[in-house]
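These numbers were taken from a predicted model, which means no experiment stands behind them. Below, read A as the first sequence line, B as the second, and so on, with proteins coming before strands; counting in each chain starts at 1. All values below were derived from every heavy atom in this structure, side-chain atoms included, with hydrogens, water molecules and symmetry-related copies excluded.
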Protein chains: 2
Amino acid sequence: MLRISKLSDYGTIMLAYMAEDPEALHSAAELAQSLQLGQATVSKILKALAKHSLLTAFRGASGGYALARPAEEISLAEVIDALEEQPFGLTECSSHEGNCAQEVSCVMRANWMRINDIVRQALEDVTLADMIRPPVPRRGTTQFKGVPVTVRSSSGNPS
Amino acid sequence: MLRISKLSDYGTIMLAYMAEDPEALHSAAELAQSLQLGQATVSKILKALAKHSLLTAFRGASGGYALARPAEEISLAEVIDALEEQPFGLTECSSHEGNCAQEVSCVMRANWMRINDIVRQALEDVTLADMIRPPVPRRGTTQFKGVPVTVRSSSGNPS
DNA sequence: CTCATACAGGACTATTTTAGTACGCATTGG
DNA sequence: CCAATGCGTACTAAAATAGTCCTGTATGAG
């Protein structure tokens, strides 16, 4: 379908949870407990996130995980990249080229890729910090209506 | 992952194929032949599309299918709606409410829904007519209206 | 120094989803 | 009438996903 995997979903929730207390070290056990998820599963997700440098792991007794970066700098796209198996792309064709049997499908590929970009961008424009913030119908400027999200341009000197 | 099903992919291709010759009646056999797909599969997809009024079916000898509407009026969102099982939504939570065990996840739901809207919109903005048209790098026409994809924002300001 | 705790990495199993096929029924043009 | 073609549904097969477990390594506490 058109849905992120449960692992990514969990991962987002876990990261959001950790983002609310970025200083603390969170162990797999704690997270599993707090979020009511299987410990083995939580552990698996944490490992993947650490491997992709979204989390920093501390081993040993009283170890655990902490966000590797501020929540404002972690986008959903990164989380998904870390936890989904397949590359990214709405269609198979959009991720790897080559095996289109038909011309029509090849013509469409470029179009799919453009749609992909839009989705991708939407995911990149939202950070963990945004996710734990109450709904915000609009904040300063358009929140993430396909445009600027982490808005700091209200004051006149964006970039 | 984050990918439409093969059925939707095929469906899009099939519709695009038909859109190139909207007057003609296309039988399942013909499509299977032309697009090199299994006839049973093609047939299954056609049925679903007809059921959702994207195609009009003609039974009996020398029957077949034809687009129910001009290609300009059929969006990818409709195709996907017709061919995907689950409702639509990047997360489970965004489609049906209720079972969030945690507060964090509930706070996030609204945010996911916004992201959903963006994706949805991107899919609604593209029609079959667009898909069979060559790549079209340009924006600002009626092509991929609405959603500017070029925005940036991944700069976090963690203060 | 030793041990319990906690992460690392990988293999494995179970479950769920998706893809693909089959088959009997209904419709219709020739 | 009958062969072509769609209709509906049930079923099977394959693949992807989710979830578990085991063995190894690091490290803080006692």
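- Between B:Gln86 atom CD and C:dT17 atom P there is a gap of 6 Å when expressed in whole angstrom units.
- To the nearest angstrom, C1' of C:dT18 lies 17 Å from CD of A:Glu85.
- Side-chain proximity of A:Tyr65 to the nucleotides C:dA8, C:dG29, C:dG20 is greatest for C:dA8.
- Spacing between atom CD of A:Glu84 and atom P of C:dT17 amounts to 15 Å, rounded to whole angstrom units.
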Candidate pair B:Thr41 and B:Tyr10, rule side chain to side chain donor-acceptor pair (under 3.5 Å), full reasoning: CA-CA 9 Å; B:Thr41 301; B:Tyr10 295 164; over 6 Å; no

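- No donor-acceptor pair closer than 3.5 Å links the side chain of B:Ser8 to the backbone N or O of B:Ile4.
- The backbone N or O of B:Tyr17 lies less than 3.5 Å from no partner atom in the side chain of B:His26, so there is not a single donor-acceptor pair.
- Listed nucleotides: C:dA19, D:dC7, C:dA6. Nearest to the side chain of A:Ser27: C:dA6.
- When each of B:Lys6 and A:Arg59 is assigned the nucleotide of DNA chain C bearing its nearest heavy atom, the one mapping closer to the 5' terminus is A:Arg59.
- B:Gly63 comes within contact range of the sugar-phosphate backbone alone, with a heavy-atom separation under 4.0 Å but no base atom that close.
- Side-chain nitrogen and oxygen atoms of A:Tyr10 include none within less than 4.0 Å of the OP1 or OP2 phosphate oxygen of D:dA18.
- For the pair B:Leu35 CG and C:dG20 P, the interatomic distance rounds to 14 Å; values are reported in whole Å.
- At distances below 3.5 Å, at least one donor-acceptor pair connects side-chain atoms of B:Asn116 with backbone N or O atoms of B:Leu90.
- Between B:Ile80 atom CD1 and C:dT18 atom P the separation is 13 Å, expressed in whole Å.
- Contact annotation: A:Ser5 side-chain N/O to D:dA16 OP1/OP2 distance is not under 4.0 Å.
- DNA chain D is contacted by A:Ala40, A:Thr41, A:Lys44 of residues 37-54 of chain A, taking any non-hydrogen atom closer than 4.0 Å.
- A donor and an acceptor atom, one from each side chain of B:Ser5 and B:Glu84, are located under 3.5 Å apart.
- When rounded to the nearest whole Å, the span between CD of B:Gln33 and P of D:dT5 equals 13 Å.
- Positionally, the nearest nucleotide of DNA chain D for A:Leu7 lies more toward the 5' end than for the other of A:Ala61 and A:Leu7.
- Separating the CD1 atom of A:Ile4 from the P atom of D:dT17 is a distance of 12 Å, rounded to the nearest angstrom.
- Counting heavy atoms from C-beta on, the side chains of B:Leu49 and B:Tyr65 never come closer than 4.5 Å.
- Salt bridge status for B:Asp125 with B:Arg120: absent, with no side-chain N to carboxylate O gap under 4.0 Å.
- Whole-Å rounding puts the B:Leu25 CG to C:dG29 P distance at 11 Å.
- No contact: A:Ala29 has no heavy atom under 4.0 Å from any strand.
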